[in-house]
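Model, not experiment: these values are computed from the prediction.
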Amino acid sequence: MPDPAAMACVSANGVARHVRSTLRDAVGDYIGSYASSCLVGAASPASSRAQRTFHTCLEQESRFVSRFGPAISVASASRVQPPLYIWRRRCFCLLLWFQHAQARVAGSVSEISKQQREHNAGHTVDMQDEVDADLFWKQGYLWIRGFASAKEVASLRSAMSNMIDRWDPTTVILRNMSLPSGTHASVSPLQNHDVDAEHDYSFLLESATKGSFFLEPEALDLQSDGLLRPNISKRQAVRKVAHGLHMMKGPFQDYVQSHKLAHLCRSLGWRSPVIVQTVYRLASPLAPGVSRHQDSTTLFTEPPSVMAVWLALENVTETNGCLQVRGGSHREPIRERFTRRHHMTDGRNTMKLGFSSDGGGSGGSGSGSSKTLLSPESNFSCLETFSGDAVVMHGALEHFSAAGTDAGRSRESLQVHVVEEVATWSPENWLQYPAGIPFMPLGPPLDAPAKLSSSVGIPSVPHGDL
């Protein structure tokens, strides 16, 4: 608070002008910060609207003061007032003005949120509602709002941050070498690879029961034996961590073993669901997206029974690469398979991984076909989700996420894939657990290692990540 003795040396009008300018700057900064914090994850039109509301509050101060005339008149005790009293009166008026402006901004944010929720109505449900199995089987996906609490989201993100912090990025990332898991790193050779050439797939195959780090290719400086490029943080370099996070005691296993996840899967018709893989996708700002695919392409059972539960760990819009789905596509055939292929090379039995277009089953009706024409992207719906929202997807549903365009926003998510325990897991699937390790059922936690070994590598599949 200004010194009264010093303030007395200034005229009453000068005091008023000084205090008005100083407080307006301070209150303006606070309201601007408040609006920004409320609008994290909101679309740019909403942000512009809030800014217009804020500037209107500034430009129409006289109207706000007049609205609080009775209060101001109480503060105005006499025609001639000492400088300190004028300062207090101005503070009182500007406090009322600030509260009104804050309410205006909060009201705009609330209206924006309400409009977005109403726009999403028809293909979403609230967590407290009963699971709408009919809607899921009709459109091939179900958007559940508020599936995970803010505390759960924070716990999952914190656990991933701890894993990244423990990784030493100065470790040389070697190509085409089978290295022990832990401090070493390797590169999976699937991206744009020659299917006829020999490759070592050990890193990818061993990730089935580990928390393996898959890096963005652009994050590496190939001139320095694969070290990270300068000015690239560890979090920016990691594309995803997969595929056995659920086998680690802690927040990831707590989430996949939660009663609500088991209830969700069983409510949609899965009688004995088991977890086959978990994927934590970091997707730093402007990172490449994931092209259109069906999850049953890489995780196939007979009969088809794959289901994905995708959990948003940040607010996601089109600007940071939201999930896009094509409703009803789950009734179409599974167009291709990503499988292990065994070949005889110079008298040796060698294994390769690759895509085949012979289908392998249908999502709902019909039979597998390699001649299915791709649907235009205009047929996809953008799911602009909030942190904690979940999207449940049928294994044959076609979906993708585009690259982000906002340099300040990432799009972290956690994906859990389940299948029916009674369905036959294809021996041709790339993902195979070591002998004696079964898929984890949804329910009470099983014994799991206290610490999950991790490794690092480059993502693999040319279109649609595993």
Discussion item. I'd like to check Met160 versus Leu313 (side-chain heavy atoms, cut-off strictly below 4.5 Å). Are they in contact?
Written reply: no
Worksheet item: Side-chain contact, heavy-atom cut-off 4.5 Å: Val422 with Arg271?
Response: no
Item to complete: Check each of Gln415, Gln253, His246, His243 against Thr278 using the side chain to side chain donor-acceptor pair (under 3.5 Å) test, and report the only one that passes.
Response: His246
Discussion item. I'd like to check the salt bridge (Lys or Arg N to Asp or Glu O under 4.0 Å) partners of Glu218; sequence neighbours left out, ordered by chain and number.
Written reply: none
Fill in: Results of side-chain hydrogen bond (donor to acceptor under 3.5 Å, both in side chains) for Glu421 - residues two or more places apart only
none
Worksheet item: What residues form a side chain to side chain contact (heavy atoms under 4.5 Å, CB included) with Pro434, not counting sequence neighbours?
Response: Thr209, Ile437
Worksheet entry | Glu216 with Arg229: basic N within carboxylate O range, under 4.0 Å | no
Fill in: Validation row: Arg340, Leu353 side chains within 4.5 angstrom (heavy atoms)
yes
Worksheet item: Is it the case that more than 12 heavy atoms not belonging to Lys234 sit under 6.0 Å from its NZ atom?
Response: yes
Item to complete: Check salt bridge (Lys or Arg N to Asp or Glu O under 4.0 Å) between Arg326 and all other residues, then give those that pass, not counting sequence neighbours.
Response: Glu332, Glu398
Worksheet item: Heavy-atom distance under 4.5 Å between the side chains of Val391 and His399, does that happen here?
Response: no
Discussion item. Within the 4.5 Å heavy-atom criterion, are Val309 and Tyr255 side-chain neighbours or not?
Written reply: yes
Discussion item. According to salt bridge (Lys or Arg N to Asp or Glu O under 4.0 Å), who are the partners of Glu420, at least two apart in sequence or on a separate chain?
Written reply: none
Practice prompt. Would you please indicate if the ring centroids of Tyr201 and Trp430 are separated by under 6.0 Å?
Written response: no
Response to the item:
In short, salt bridge (Lys or Arg N to Asp or Glu O under 4.0 Å) pairs touching residues 304-319 with sequence neighbours left out are Arg157-Glu314
